Amino acid sequence: MNIALWALQIVLAAVFLGAGLMKSTQPLVRLESKVGAWVHDVPLPLIRVTGVAEVLGAAGLILPRALHIVPGLAGFAALGLAITMVGAVVVHACRGEYNEAGINVALLVLCVVVAAGRL
């Protein structure tokens with residue numbers, strides 16, 4: 001079970017690190033071409049804060065357990081990322097983007113699995 005959780009944490013960390021770096025550093029025009037038109041419905045500061053939260057969450061999935069420093073934080077990082085996915089599901093569902101919402105639901109479920117396994 002531990003190996004499966006580690007594999008899941010690594011995959012989730014890679015996904016959230018990539019998404020978070022993009023949201024926190026790219027100009028709005030490039031974000032629109034990469035992630036869609038929803039960026040015009042969400043204030044840019046919120047997109048940036050979400051991006052930073054995703055980067056920190058990605059680090060939180062790996063570093064606490066890898067460094068043996070308060071390993072329980074990995075579970076809380078997964079919970080935090082799950083909360084961001086709830087927000088993403090709401091945004092995409094309100095816009096009728098059900099395929100994107102489905103991806104966010106899948107990430108939400110995976111984050112909850114990691115949180116349950118690590119807490």
Side-chain angles (χ1 to χ4, degrees):
M1 181 68 165
N2 190 42
I3 293 172
L5 283 173
W6 265 115
L8 191 52
Q9 284 172 250
I10 291 167
V11 169
L12 285 172
V15 168
F16 283 108
L17 181 63
L21 285 173
M22 185 172 39
K23 289 175 190 160
S24 61
T25 63
Q26 297 299 311
L28 193 59
V29 174
R30 184 168 291 167
L31 276 176
E32 180 182 11
S33 69
K34 299 243 184 215
V35 298
W38 65 264
V39 297
H40 296 294
D41 294 342
V42 179
L44 185 59
L46 181 58
I47 295 171
R48 299 289 191 224
V49 167
T50 302
V52 170
E54 289 176 346
V55 169
L56 293 174
L61 285 173
I62 302 297
L63 294 178
R65 292 194 68 83
L67 299 175
H68 304 289
I69 300 172
V70 194
L73 288 178
F76 288 108
L79 280 178
L81 290 169
I83 292 168
T84 65
M85 287 300 96
V86 169
V89 168
V90 169
V91 167
H92 289 300
C94 287
R95 291 180 46 84
E97 300 169 341
Y98 300 111
N99 287 338
E100 289 84 355
I103 292 167
N104 295 126
V105 168
L107 289 170
L108 168 64
V109 169
L110 295 175
C111 287
V112 169
V113 167
V114 169
R118 293 299 187 203
L119 291 178

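Predicted model, so just to flag it, every value in this text is computed and none were measured. Below, each value reflects all heavy atoms present in this structure, side chains not excepted, and no hydrogens, waters or symmetry copies.
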With side chains defined as the heavy atoms from C-beta onward, is the minimum distance between Glu54 and Met85 less than 4.5 Å? yes

Report, one line per pair, each donor and acceptor closer than 3.5 Å where one atom sits in a side chain of residues 107-119; sequence neighbours left out.
residue	atom	partner	partner atom	Å
Arg118	NE	Gln9	OE1	2.7
Arg118	NH1	Asn2	OD1	2.8
Arg118	NH2	Asn2	OD1	3.1
Arg118	NH2	Gln9	OE1	2.9

Sequence neighbours excluded, the answer for salt bridge (Lys or Arg N to Asp or Glu O under 4.0 Å) partners of Glu97 is Arg95

Under the 4.5 Å side-chain heavy-atom rule for ILVMFWY, direct or indirect, which residues accompany Leu17? Leu21, Val55

Does atom CZ of Arg30 have more than 12 heavy-atom neighbours, drawn from other residues, nucleotides or ligands, at distances under 6.0 Å? no

Among Ile, Leu, Val, Met, Phe, Trp and Tyr joined by side-chain contacts under 4.5 Å, find the other residues sharing a cluster with Leu28 and list them by chain and number. Met22, Leu31, Val35, Trp38, Val39, Val42, Leu44, Leu46, Ile47, Val91

When you group the ILVMFWY residues by side-chain heavy-atom contacts below 4.5 Å and let the links chain together, are Leu81 and Ile83 in the same group? no

To the closest 0.5 Å, what do you measure between CG (Leu61) and CZ (Phe16)? 8.0 Å

Specify the closest pair of heavy atoms between Ala66 and Trp6, including all atoms of both residues, with the distance to one decimal. N-CH2, 3.7 Å

Give me each pair satisfying salt bridge (charged side-chain N to carboxylate O under 4.0 Å, His left out) with a member in residues 107-116, each pair once, sequence neighbours excluded. none

Besides Ile69, the hydrophobic cluster formed by Ile, Leu, Val, Met, Phe, Trp and Tyr side chains linked at under 4.5 Å, directly or via other members, contains Leu63, Leu67, Val70, Leu73

Treating Ile, Leu, Val, Met, Phe, Trp and Tyr as nodes and any side-chain heavy-atom pair under 4.5 angstrom as an edge, say whether Val86 and Phe76 lie in one connected cluster. no

Least distance between heavy atoms, Ala58 atom then Ala13 atom: CB-O, 3.4 Å

